[in-house]
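One structure is given below, encoded as structure tokens.
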Amino acid sequence: MELTWLADIIKKNRKLKKYTQASLAEYSSTSINTIKKVESGFLDEVGIKKVESVLDILELELCVRPKGRPLTLDELNEKS
């Protein structure tokens, strides 16, 4: 599964909140290597609990939706 979109969102939001990779690692109780892997798209090497911890610090959540479903208006607005 291609998860570079998630890596891009995490990196963008980390920078918006002015966290360094080191500070995000500290606040999410993960290692800086984990943050680097997450932001590089190597999410298959990182457990979902660690990703969830990072998302929580960034005030984001992971959402599952049916594959192939058209984007909602909110989702379309987030992309622009």
Side-chain angles (χ1 to χ4, degrees):
M1 179 185 294
E2 187 69 34
L3 293 175
T4 54
W5 59 272
L6 181 56
D8 292 341
I9 289 170
I10 290 171
K11 187 174 186 177
K12 176 184 169 187
N13 279 274
R14 173 183 62 80
K15 289 181 176 185
L16 283 173
K17 294 191 178 289
K18 302 192 185 316
Y19 288 126
T20 63
Q21 287 182 330
S23 64
L24 183 57
E26 180 182 347
Y27 297 140
S28 63
S29 300
T30 60
S31 70
I32 192 163
N33 286 334
T34 296
I35 301 300
K36 288 179 180 182
K37 284 181 182 178
V38 167
E39 289 189 358
S40 297
F42 292 105
L43 295 165
D44 56 333
E45 297 177 17
V46 178
I48 192 69
K49 285 290 193 187
K50 290 181 180 178
V51 173
E52 187 178 60
S53 293
V54 170
L55 291 172
D56 189 45
I57 297 300
L58 297 173
E59 299 176 5
L60 299 170
E61 63 183 17
L62 192 57
C63 179
V64 177
R65 64 182 183 88
K67 188 174 184 177
R69 177 184 60 82
L71 296 176
T72 65
L73 183 58
D74 288 337
E75 291 168 335
L76 288 169
N77 286 333
E78 286 176 7
K79 288 190 173 236
S80 52

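- Between the OG1 atom in Thr4 and the NZ atom in Lys11 there is a gap of 12.0 Å [rounded to 0.5 Å].
- The two residues Ser53 and Ser28 make their nearest non-hydrogen contact at CB-O, 3.6 Å.
- Linking ILVMFWY side-chain heavy atoms closer than 4.5 Å, directly or via other members, places Leu6 and Leu16 in two distinct hydrophobic clusters.
- Lys36 pairs by the salt bridge (charged side-chain N to carboxylate O under 4.0 Å, His left out) definition with nothing, not counting sequence neighbours.
- The hydrophobic clustering, which links ILVMFWY residues whose side-chain heavy atoms are closer than 4.5 Å, places Leu62 and Val46 together.
- Atom OH of Tyr27 and atom OG1 of Thr20 lie 8.0 Å apart (nearest 0.5 Å).
- In this structure, the separation between CD on Glu61 and CD on Glu52 is 10.0 Å, given to the nearest 0.5 Å.
- Note that OG of Ser23 is 8.5 Å distant from CD1 of Ile32, once rounded to the nearest 0.5 Å.
- Phe42 and Ile48 fall into different hydrophobic clusters, where Ile, Leu, Val, Met, Phe, Trp and Tyr side chains are chained together by heavy-atom contacts under 4.5 Å.
- Taking each heavy atom of Leu58 and Ile10 in turn, the nearest pair found is CD1-O, 3.7 Å.
- Summarising the geometry, atom CG belonging to Leu55 is positioned 12.0 Å from atom SG belonging to Cys63; distances are rounded to the nearest 0.5 Å.
- Atom OG1 of residue Thr34 and atom NZ of residue Lys50 lie 4.5 Å apart, to the nearest 0.5 angstrom.
- Judged by distance alone, the side chain of Asn13 and the main-chain N or O of Ile9 form a donor-acceptor pair under 3.5 Å.
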